[in-house]
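Here is the structure we will look at.
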Amino acid sequence: MVHYGHSNQLRQARAMGDYLIVGVHTDEEIAKHKGPPVFTQEERYKMVQAIKWVDEVVPAAPYVTTLETLDKYNCDFCVHGNDITLTVDGRDTYEEVKQAGRYRECKRTQGVSTTDLVGRMLLVTKAHHSSQEMSSEYREYADSFGKCPGGRNPWTGVSQFLQTSQKIIQFASGKEPQPGETVIYVAGAFDLFHIGHVDFLEKVYRLADRPYVIAGLHFDQEVNRYKGKNYPIMNLHERTLSVLACRYVSEVVIGAPYAVTAELLGHFKVDLVCHGKTEIVPDRDGSDPYQEPKRRGIFYQIDSGSDLTTDLIVQRIIKNRTPGDIPTWRACTGPGLQFEQRTRFCENRMP
């Protein structure tokens with residue numbers, strides 16, 4: 001997947017140099033070394049390119065980073081997070097560049113991982129989507145998710161993301177609308193920020209010569225009201241960073257009201273209000289949340305051209321991850337492996 005933890009890694013990497021090139025692996029390489037990817041390689045190429053700290057994306061990058069790769073793209077060094085990354089046969093994927101002194105590390109973002117997000121979706125889909133009682137075996141899997149014997153695994157363990165003002169400052173542009181810029185307002189959940197969101201925001205961004213796009217993010221309780229089940233999968237703090245990392249967004253309203261009111265339009269001096277082709281659920285009182293911008297003639301519906309939704313992502317997880325995978329997890333936490341080996345094995349086999 002591509003999430004705000006990756007965005008934060010890229011932000012740190014960009015701060016170490018002047019030009020950031022990001023290599024993205026193919027589906028085949030990821031399936032071989034880690035497990036089936038959630039997003040396709042084409043989706044991931046575009047997702048990474050949409051992160052505002054990225055200058056260039058290299059498609060089909062080799063899983064093992066070599067000096068030849070760095071030289072090919074005129075890179076002085078490469079950067080990775082301070083977590084473990086191994087090939088399927090247990091080899092350090094950065095061994096060669098480390099020995100040559102052309103490797104640097106940045107801090108991993110605590111409280112999020114692909115493993116964690118997949119776990120949230122698995123729990124949602126099995127416990128809520130089908131309305132079936134969670135089996136005792138699956139509950140055992142859920143209770144032990146992300147844990148390894150001998151203590152909590154620092155790399156694959158599920159932990160809570162703690163938002164700070166400093167983190168928001170690091171992600172935010174800090175720029176206010178300038179004279180002559182077109183202020184465009186969009187609102188939604190933006191849950192599990194994906195290529196559908198990117199395509200939509202890019203088209204919104206292209207509506208003006210000098211756009212200033214403000215994204216309003218609804219409170220978790222509001223999202224749950226109109227999406228149901230156990231949505232949102234990412235909480236408001238996590239969704240805030242996901243959207244702030246997008247190069248097409250200038251500002252985020254954290255906990256925006258569901259109805260786009262005259263007060264909101266006046267406060268931000270909004271010129272245009274946009275919404276995708278997805279269903280617009282009425283407000284709690286049954287009214288149209290976009291009635292005010294429609295009355296003013298500044299409401300536009302934008303077709304992103306993408307059919308990917310949060311629901312479809314969850315369906316992909318259901319397809320690739322079922323309770324039948326539990327024996328695999330038990331095998332990686334078995335007593336036959338030392339703690340460090342278990343850590344590396346779990347990280348490489350669980351997506």
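No hydrogens, no waters, no symmetry mates; every other heavy atom, side chains included, goes into these values.
Rounding to the nearest 0.5 angstrom, the gap separating the CD1 atom in I280 from the CD atom in Q291 is 11.5 Å. In this structure, CD in E181 is found 7.0 Å from OG in S250, a value given to the nearest 0.5 Å. Within the model, atoms NE2 of H25 and NZ of K32 stand 12.0 Å from one another, a figure rounded to the nearest 0.5 Å. Rounding to the nearest 0.5 Å places NZ of K98 at 9.0 Å from NE2 of H80. Atom NE2 in H194 sits 11.0 Å away from atom OG in S242 (nearest 0.5 Å). Rounded to the nearest 0.5 angstrom, R14 CZ and C106 SG are separated by 14.5 Å.
Checked for salt-bridge contact, D76 and R102 miss the test: no charged N lies under 4.0 Å from a carboxylate O. Classification of E43 and R316 as a salt-bridged pair holds, one side-chain N sitting under 4.0 Å from a carboxylate O. At a threshold of 4.0 Å, the pair K227-D220 does not count as salt-bridged, since none of the basic side-chain nitrogens sits closer than that to a carboxylate oxygen. Between R296 and E292 there is a salt bridge, since a side-chain N of the basic residue sits under 4.0 Å from a carboxylate O of the acidic one.
For the residue pair Q170 and R11, a side-chain donor N or O sits within less than 3.5 Å of a side-chain acceptor on the partner. Between the side chains of D311 and T309, no donor-acceptor pair is found at a separation under 3.5 Å. Between T109 and N8, the side chains place a donor N or O and an acceptor N or O closer than 3.5 Å (distance only, hydrogens not considered). Looking at T85 and T93, their side chains do bring a donor and an acceptor atom within 3.5 Å of each other.
Under the side chain to side chain contact (heavy atoms under 4.5 Å, CB included) criterion, A15 pairs with no residue, sequence neighbours left out. In terms of the side chain to side chain contact (heavy atoms under 4.5 Å, CB included) criterion, residue partners of S7 (sequence neighbours excluded) are, by chain and number, I51, W53, F171, A245. Partners of F190 by ring pair (Phe, Tyr, Trp, His ring centres under 6.0 Å), not counting sequence neighbours, listed by chain and number: H197. With sequence neighbours excluded, the residues forming a side chain to side chain contact (heavy atoms under 4.5 Å, CB included) with R104 are M16, F77, V79, listed by chain and number. With sequence neighbours left out, D199 forms a salt bridge (charged side-chain N to carboxylate O under 4.0 Å, His left out) with K46.
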Given L241 and H3, is the side-chain contact (heavy atoms from CB on, under 4.5 Å) satisfied, shown in steps? CA-CA 9 Å; L241 293 188; H3 52 68; over 6 Å; no
Hey, mind stepping through V273 and V186 against side-chain contact (heavy atoms from CB on, under 4.5 Å) and telling me if it holds? CA-CA 6 Å; V273 176; V186 299; over 6 Å; no
Dump the intermediate steps for side-chain contact (heavy atoms from CB on, under 4.5 Å) on I254 and I168, then the final yes or no. CA-CA 11 Å; I254 305 172; I168 294 177; 4.1 Å; yes
Between D55 and Y19, is the side-chain contact (heavy atoms from CB on, under 4.5 Å) condition met? List the steps. CA-CA 6 Å; D55 295 300; Y19 191 86; 3.5 Å; yes
Kindly determine whether K72 and E68 satisfy salt bridge (Lys or Arg N to Asp or Glu O under 4.0 Å), including the steps that lead there. CA-CA 6 Å; K72 179 179 179 180; E68 181 184 1; over 6 Å; no
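Distance alone, capped at 3.5 Å, places no donor-acceptor pair between the D271 side chain and the T182 backbone. A donor-acceptor pair under 3.5 Å links the side-chain atoms of Q301 to the main chain of G276, judged by distance alone. Within the 3.5 Å criterion, the main-chain N or O of E238 finds a donor-acceptor partner in the side chain of N235. With hydrogens and angles ignored, the 3.5 Å screen pairs no side-chain donor or acceptor of H33 with any backbone N or O of I30. Put simply, the side chain of Q41 gets close to the backbone of D27: a donor and an acceptor are under 3.5 Å apart. Between the side chain of D283 and the backbone N or O of D285, no donor-acceptor pair lies under 3.5 Å.
The minimum heavy-atom distance between Y185 and G216, with the atom names listed, is OH-CA, 3.6 Å. T240 approaches V252 most closely through the heavy-atom pair CG2-CG1, 4.2 Å. Taking every heavy atom of both residues into account, T310 and D191 meet most closely at OG1-O, 3.2 Å. Here the shortest heavy-atom pairing between K294 and D288 reads NZ-OD2, 2.7 Å. Closest of all the heavy-atom pairs between T26 and R44 is C-NH2, 3.8 Å. In plain terms, the two heavy atoms of F219 and R239 that are nearest each other are C-NH2, 3.9 Å.
Other cluster members for V97: L67, L70, Y94, Y103, joined by side-chain heavy-atom distances under 4.5 Å among Ile, Leu, Val, Met, Phe, Trp and Tyr.
In the hydrophobic clustering of this structure, Y212 does not group with F200; members are Ile, Leu, Val, Met, Phe, Trp, Tyr whose side-chain heavy atoms approach within less than 4.5 Å, directly or through other members. Both Y205 and I302 are assigned to one and the same hydrophobic cluster, defined by single-linkage of ILVMFWY side chains at heavy-atom distances under 4.5 Å. Linking ILVMFWY residues whenever their side-chain heavy atoms come closer than 4.5 Å, directly or via other members, leaves V270 and V249 in distinct clusters. Hydrophobic cluster membership is shared by I313 and I233, with clusters built from Ile, Leu, Val, Met, Phe, Trp and Tyr side chains linked at under 4.5 angstrom. The cluster map of Ile, Leu, Val, Met, Phe, Trp and Tyr, joined by side-chain heavy atoms under 4.5 Å apart, puts F268 and L217 in different clusters.
Here the side chains of S306 and I195 are in contact, with some heavy-atom distance below 4.5 Å. In this structure the side chain of I214 never reaches within 4.5 angstrom of the side chain of I184, judged on heavy atoms. Residues K175 and S173 form a side-chain contact, since some pair of their non-hydrogen atoms from C-beta on lies under 4.5 Å apart. The shortest distance between side-chain heavy atoms of P62 and T69 falls below 4.5 Å. For the pair E222/R284, a side-chain contact is recorded, criterion being any heavy-atom separation below 4.5 Å from C-beta on. Contact of the T65 side chain with the E96 side chain is not registered, since no non-hydrogen atoms from C-beta on lie closer than 4.5 Å. Considering only heavy atoms from C-beta on, C75 comes within 4.5 Å of I21 through its side chain. Residues F299 and L272 have side chains not in contact (no heavy-atom distance under 4.5 Å, counting atoms from C-beta outward).
The six-membered or imidazole ring of F193 lies away from that of Y4, with a centre-to-centre distance of 6.0 Å or more. Under the 6.0 Å cut-off for aromatic ring centres, Y300 and H275 do not qualify, their centroids lying 6.0 Å or more apart. A centroid separation of less than 6.0 Å is found between the aromatic rings of H218 and Y258.
Counting non-hydrogen atoms of neighbouring residues, nucleotides and ligands closer than 6.0 angstrom, the CG atom of D209 reaches no more than 12 such neighbours. Residue D71 qualifies as enclosed at atom CG: its count of foreign heavy atoms under 6.0 Å is above 12. The environment of E56 atom CD is dense: over 12 non-hydrogen atoms of other residues, nucleotides or ligands sit within 6.0 angstrom. Applying the 6.0 Å contact sphere to NZ of K277 captures more than 12 heavy atoms from other residues, nucleotides or ligands.
Judged by the 6.0 Å and 45° rule, R225 forms no cation-pi pair with Y231.
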